[in-house]
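Owing to the predicted nature of the structure, the values given are computational and were not obtained by experimental measurement. Just the heavy atoms: all of them, side chains too, but no hydrogens, waters or symmetry mates, feed the values below.
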Amino acid sequence: SCDLASIFELDPISHNDSDALIPHKSFVLLKNVATNTYIKSSNIRVRSEIDKSVFYKVECSKARDEKEAFRVVGVNSDEVNVCPSSRTVT
């Protein structure tokens, strides 16, 4: 989907210059621009039927908690989908 609610911005925890590029291997928070909330882990378990692994759901919170940071890492371009009409990464 390419709706506005699916757009997130990277909120770096290590520097405050919002216009600067975020360096590779930095830690960031994922912030939903439409709701002004941050992605965080939950205690809700999800069991994968494929390999019997246990995963946890994520949820949004107004609180900015640096313990919920993600690391910026490179991926192969084949793993990234872009909505052609808006250039939104999904």
Side-chain angles (χ1 to χ4, degrees):
S1 169
C2 295
D3 59 65
L4 182 61
S6 67
I7 297 176
F8 292 88
E9 70 181 20
L10 302 178
D11 183 3
I13 63 171
S14 59
H15 65 279
N16 295 330
D17 186 357
S18 62
D19 292 331
L21 294 176
I22 298 171
H24 184 71
K25 296 187 179 180
S26 295
F27 286 93
V28 298
L29 298 172
L30 296 177
K31 182 179 180 181
N32 185 299
V33 176
T35 63
N36 201 34
T37 57
Y38 297 91
I39 297 293
K40 66 182 273 325
S41 59
S42 74
N43 293 325
I44 303 169
R45 293 169 57 120
V46 178
R47 186 177 179 140
S48 169
E49 298 303 323
I50 297 170
D51 61 6
K52 304 300 182 202
S53 297
V54 176
F55 300 94
Y56 290 90
K57 288 187 176 186
V58 295
E59 59 191 12
C60 290
S61 172
K62 290 280 186 188
R64 185 181 187 279
D65 185 355
E66 292 185 0
K67 292 184 289 186
E68 299 288 345
F70 294 85
R71 189 164 199 183
V72 176
V73 296
V75 296
N76 186 314
S77 62
D78 295 338
E79 297 182 53
V80 179
N81 297 320
V82 177
C83 296
S85 63
S86 65
R87 303 291 301 164
T88 302
V89 176
T90 60

Colleague: Taking side-chain hydrogen bond (donor to acceptor under 3.5 Å, both in side chains) as the test, write out the residues that go with Asp11, two or more places apart.
Modeller: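 Per chain and number, Asp11 pairs via side-chain hydrogen bond (donor to acceptor under 3.5 Å, both in side chains) with Tyr38, Arg64.
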Colleague: Can you give me the closest heavy-atom contact between Lys25 and Arg71, atom names plus distance?
Modeller: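 Looking at all heavy atoms of both residues, the shortest contact is O-NE, 3.0 Å.
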Colleague: Name all residues meeting the side-chain hydrogen bond (donor to acceptor under 3.5 Å, both in side chains) criterion together with Ser42; count only those two or more places apart in sequence or in a different chain, and write none if there are none.
Modeller: none
Colleague: Run the side-chain contact (heavy atoms from CB on, under 4.5 Å) test against Asp78 and tell me which residues pass, sequence neighbours left out.
Modeller: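 With neighbours one apart ignored, the set is Asn76.
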Colleague: Which heavy atom in Ile22 sits nearest to a heavy atom in Pro12, and how many Å separate them?
Modeller: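 Of all heavy-atom pairs spanning Ile22 and Pro12, the closest is CD1-CD, 4.1 Å.
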Colleague: If you define the side chain from C-beta out and look only at heavy atoms, does anything of Ile13 sit under 4.5 Å from Leu29?
Modeller: yes
Colleague: Evaluate the side-chain proximity of Leu30 to Leu10: yes if any heavy-atom separation is below 4.5 Å, no if none is.
Modeller: yes
Colleague: Restricting to side-chain hydrogen bond (donor to acceptor under 3.5 Å, both in side chains), what partner residues turn up for Glu59, sequence neighbours left out?
Modeller: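 Result, side-chain hydrogen bond (donor to acceptor under 3.5 Å, both in side chains) vs Glu59: Lys40.
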Colleague: Measuring from Ile7:CD1 to Asn32:CG, what's the distance to the nearest 0.5 Å?
Modeller: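 It comes to 9.0 Å.
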Colleague: Excluding sequence neighbours, so at least two apart, what forms side-chain hydrogen bond (donor to acceptor under 3.5 Å, both in side chains) with Thr37?
Modeller: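 Thr37 satisfies side-chain hydrogen bond (donor to acceptor under 3.5 Å, both in side chains) with Thr35 once adjacent residues are dropped.
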Colleague: Can you see which heavy atom on Phe8 is nearest to which on Val33, and at what distance?
Modeller: C-CG2, 4.4 Å
Colleague: I'd like to check the side-chain contact (heavy atoms from CB on, under 4.5 Å) partners of Asn36; sequence neighbours left out, ordered by chain and number.
Modeller: Lys31, Lys62
